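Right, one structure below, let's go through it.
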Amino acid sequence: IIPFIILLGLIGWSEFTDQSTFWQKRKKWLKSSWIFFWSINTLLLLVISTAYSKRNRVEAMTFLAEKNDVTNLIIDDKNREDFQLSPRFYLQKWVQEYGVSQQTNVDDLCKALLQIAPNQRPNYIVFYQTENLETRKAIYEKYFQLQFATIVQPSFIDDVMFRLNPNNVNCTTYIYKIVGEKK
């Protein structure tokens, strides 16, 4: 319905400018305004439509897809009320995700994971956001041996969108491999 609303608005504006004595006297200014409007919007359309957003999430899954050894994942987004689902399409296989948010007791999760057969346990942890990273990582290190894998930074467009609206989720992603359990 939005295109129809835009179309009706454009028709209404055209009718208004045709009947308005103010705009009839300033046709050159109206034409310049339209040129400015279309120039800016065309430029923004080209930039935004080819932008690579949510890079940190996509690149994290692409990185893990190249590893070819992912069994399952822990997605740690402990700083948020609900964890973000990862774009598993880029992982190129469907695996179980164990999501961690503010409501999750990580100790209970780790104890439950230790009860699973070793070949079915998650072998990678994906940490979203830098806040409290060392504290969050320390909880897992009580149960598992972790090995740093990589860091994925957000894209330029994600940074811009975050500056324009801080409600947009923009975070650095840290990936650790679980190489074994603590004895």
Side-chain angles (χ1 to χ4, degrees), residues 1-14 17 28-68 70 72-95 97-104 106 122 124-140 146-177:
I1 195 165
I2 292 176
F4 293 116
I5 293 171
I6 293 170
L7 188 61
L8 287 173
L10 186 59
I11 292 169
W13 177 253
S14 179
T17 57
K28 189 175 180 181
W29 192 65
L30 181 63
K31 183 178 179 181
S32 298
S33 298
W34 276 115
I35 291 170
F36 175 76
F37 169 82
W38 284 112
S39 300
I40 293 296
N41 280 292
T42 301
L43 180 66
L44 289 174
L45 177 68
L46 292 173
V47 171
I48 298 298
S49 64
T50 60
Y52 185 14
S53 64
K54 306 298 182 208
R55 177 181 180 265
N56 63 311
R57 294 171 59 200
V58 171
E59 291 291 324
M61 293 301 112
T62 304
F63 172 82
L64 292 171
E66 292 170 359
K67 292 297 180 185
N68 293 323
V70 178
N72 290 312
L73 298 172
I74 298 174
I75 307 294
D76 186 298
D77 206 358
K78 189 75 172 158
N79 295 322
R80 295 172 40 99
E81 288 184 27
D82 195 13
F83 78 99
Q84 296 179 46
L85 291 172
S86 61
R88 287 187 270 182
F89 169 79
Y90 297 100
L91 184 58
Q92 299 175 358
K93 65 194 256 184
W94 204 257
V95 298
E97 286 184 347
Y98 296 92
V100 175
S101 65
Q102 290 174 348
Q103 286 84 26
T104 308
V106 180
Y124 283 93
I125 303 176
V126 179
F127 291 98
Y128 290 135
Q129 302 181 12
T130 308
E131 292 82 24
N132 307 316
L133 179 64
E134 291 303 318
T135 306
R136 292 158 51 205
K137 195 172 75 167
I139 296 171
Y140 294 101
L146 302 181
Q147 177 184 12
F148 175 77
T150 192
I151 297 175
V152 182
Q153 299 291 340
S155 69
F156 170 74
I157 213 69
D158 288 332
D159 285 336
V160 170
M161 295 305 288
F162 181 72
R163 286 190 186 108
L164 291 174
N165 181 3
N167 289 330
N168 285 318
V169 178
N170 182 35
C171 59
T172 303
T173 301
Y174 300 84
I175 302 174
Y176 285 82
K177 181 175 174 80

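All values below come from the heavy atoms of this structure, side chains included, with hydrogens, waters and symmetry mates left out. Quantities reported herein were computed from a predicted structural model and do not represent experimental measurements.
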Report task. Looking only at non-hydrogen atoms, find the nearest pair between I157 and Y52 and report the distance. Result -> CG2-O, 3.7 Å

Requested in this report: Answer yes or no: are there more than 12 heavy-atom neighbours, outside F36 itself, under 6.0 Å from its atom CZ?
Outcome: no

Requested in this report: Look at atom NZ of K67 and say whether more than 12 heavy atoms of other residues, nucleotides or ligands are closer to it than 6.0 Å.
Outcome: no

**Report entry** Nearest-0.5 Å distance, CG of residue L45 to OG1 of residue T50
**Finding:** 9.0 Å

Query raised in the report: Between F127 and K137, what is the shortest heavy-atom contact and its length?
Result: CZ-CA, 4.0 Å

Requested in this report: Give a yes or no on this: more than 12 heavy atoms of other residues, nucleotides or ligands lie within 6.0 Å of atom CZ of F4.
Outcome: no

Query - Ring geometry between W34 and W38 (parallel below 30°, tilted from 30 to 60°, perpendicular above 60°) - result: parallel

Query - Working for side-chain contact (heavy atoms from CB on, under 4.5 Å), residues V126 and L64 - result: CA-CA 10 Å; V126 179; L64 292 171; 4.0 Å; yes

Requested in this report: Ignoring hydrogens and angles, state whether a donor on the side chain of Q153 or T172 is under 3.5 Å from an acceptor on the partner side chain.
Outcome: yes

Query raised in the report: If you round to the nearest 0.5 Å, how far is CD of E66 from CD of Q92?
Result: 8.5 Å

Query raised in the report: Below 4.5 Å, heavy atoms only, C-beta onward: do Y176 and D76 meet side chain to side chain?
Result: no

Query raised in the report: With no hydrogens and no angle check, do the side chains of D158 and S155 hold a donor and an acceptor under 3.5 Å apart?
Result: yes

Query raised in the report: Near Q103 CD, under 6.0 Å, is it more than 12 heavy atoms from other residues, nucleotides or ligands?
Result: yes

Query raised in the report: Of all heavy-atom pairs between N56 and C171, which one has the smallest distance, and what is that distance?
Result: ND2-O, 2.8 Å

Query raised in the report: Is the side chain of T17 donor-acceptor paired with the backbone N or O of S14 at a distance under 3.5 Å, no angle test?
Result: yes

Query raised in the report: Is the number of heavy atoms from other residues, nucleotides or ligands under 6.0 Å of M161 CE greater than 12?
Result: no

Query raised in the report: Measuring from I139:CD1 to N132:CG, what's the distance to the nearest 0.5 Å?
Result: 9.5 Å

Query raised in the report: Between K78 (side chain) and T104 (backbone), is there a donor-acceptor pair under 3.5 Å?
Result: yes

Report summary line: Minimal heavy-atom distance between V70 and L73, with the atoms involved, is CG1-CD2, 3.8 Å

Query raised in the report: Is there a side-chain contact between V160 and L164 (heavy atoms, below 4.5 Å)?
Result: yes

Query raised in the report: Looking at Q84 and Y128, what are the two nearest heavy atoms and their distance?
Result: O-CE1, 3.8 Å

Report task. Answer yes or no: does atom OH of Y90 have more than 12 heavy-atom neighbours from other residues, nucleotides or ligands under 6.0 Å? Result -> no

Query raised in the report: What distance do K177 atom NZ and I125 atom CD1 have between them, rounded to the nearest 0.5 Å?
Result: 11.5 Å

Query raised in the report: Do you know which two heavy atoms are closest between R136 and Q129, and how far apart they sit?
Result: NH1-O, 3.1 Å

Query raised in the report: Rounded to the nearest 0.5 Å, how far apart are OG1 of T173 and CZ of F63?
Result: 12.0 Å

Query raised in the report: CG of D159 to OG of S53: how many Å apart, nearest 0.5 Å?
Result: 12.0 Å

